[in-house]
Amino acid sequence: MLQGVTTKMLEFMRELRKVVTIGVVGGSDLVKISEQLGNTVINDYDYVFAENGLVAYRDGKLIGTESLKSFLGEEKLQEIINFTLHYIADLDIPIKRGTFIEFRSGMLNVSPIGRNCSQEERDEFEKYDKVHNIRPKMVSVLREKFAHFNLTFSIGGQISFDVFPQGWDKTYCLKYLDEFQEIHFFGDKTYKGGNDFEIFESERTKGHTVTSPEDTLNQCTSIFLS
């Protein structure tokens, strides 16, 4: 279960779009981004970059896709998936639900608790993870095990982390934005290992760390609307 955008934030983004070009980039697929930002998301923003931009839309039209399967091949995919599932099976955490690995177009999304957990369970796991470092430890093991595959393991959200080829992080979406001289990025996981880190640190962006939707609104107002 994902927490959706508020009416206040939607209205603010519509006003902001009158002043600047707005793009949304996330590690989730378009379905989950739509659950969070509304079913008309690809028409509400100038750019929508699902799966870090591996599936990209401009003005509501698909402009590009990449495939993890084509990059790795089925044999390597099976090796990663099998090892990960064995790791999760042996993991001692308070609860487990379902959908531990989600296969997306350009990445694998891995959740130790399982993506079928409730919002309450999601919140509790996030707190548990901050104390016991379940995801960081798992990422460390996978990074060492599959170092020869040239993959990136990126922690994001409350319950999961993404697995994708090096260079397929959120900076991938910047290839569609060559016409822009100034690009501002706002994200909460901007620390090293977070799924916003690479684009936050990119020479092509001015990075801003935010702590909540309200903080994002306030920072955008200060920068673009003051």
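- Remark: of the listed residues Lys18, Arg58, Arg17, Arg17 is the sole one forming a salt bridge (Lys or Arg N to Asp or Glu O under 4.0 Å) with Asp46.
- Around atom NE2 of His148, more than 12 heavy atoms belonging to other residues, nucleotides or ligands sit under 6.0 Å away.
- Thr221 places no side-chain N or O within donor-acceptor distance of the main-chain N or O of Ser226, the cut-off being under 3.5 Å.
- The neighbour count for Glu74 CD, taken as heavy atoms of other residues, nucleotides or ligands under 6.0 Å away, is above 12.
- Inspection of the Thr171 and Ser202 side chains reveals no N or O donor paired with an N or O acceptor under 3.5 Å.
- Without hydrogens or angle criteria, Thr216 side chain to Val210 main chain gives no donor-acceptor distance under 3.5 Å.
- In this structure a side-chain-to-backbone donor-acceptor pair under 3.5 Å is present from Lys96 to Ile88.
- The closest donor-acceptor contact from the side chain of Asn150 to the backbone of Gln166 lies at 3.5 Å or more, if one exists at all.
- Using cut-offs of 30° and 60° on the angle between ring planes, the pair Phe49 and Tyr176 is parallel.
- Note on ring orientation: taking the six-membered ring where Trp is involved, the planes of Phe224 and His184 are perpendicular (angle over 60°, cut-offs 30° and 60°).
- With respect to Glu126, the side-chain contact (heavy atoms from CB on, under 4.5 Å) criterion is satisfied by exactly one of Glu124, Arg122, Lys130: Lys130.
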Could you give me the CA-CA distance, side-chain angles and deciding distance for Phe100 and Leu91, then say whether side chain to side chain contact (heavy atoms under 4.5 Å, CB included) is met? CA-CA 12 Å; Phe100 300 103; Leu91 197 58; over 6 Å; no
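- Asp123 and Gln119 share a side-chain donor-acceptor pair at under 3.5 Å.
- Between Phe197 and Thr190 there is no side-chain heavy-atom pair separated by less than 4.5 Å.
- When each of Asp162, Val31, Leu54 is checked for a side-chain contact (heavy atoms from CB on, under 4.5 Å) with Arg104, only Asp162 meets the rule.
- Contact between Pro94 and Tyr128 at its shortest, heavy atoms only, is CD-CZ, 3.5 Å.
- Under the 6.0 Å cut-off for aromatic ring centres, Phe146 and Phe83 qualify, their centroids lying closer than that.
- Judged purely by atom type and a 3.5 angstrom limit, Arg135 uses its side chain to pair as donor or acceptor with the backbone of Ser160.
- For the pairing with Thr84, the side-chain contact (heavy atoms from CB on, under 4.5 Å) check across Val163, Leu142, Val141 returns one residue only, Leu142.
- Remark: Glu179 CD is packed, more than 12 non-hydrogen atoms of other residues, nucleotides or ligands lying under 6.0 Å away.
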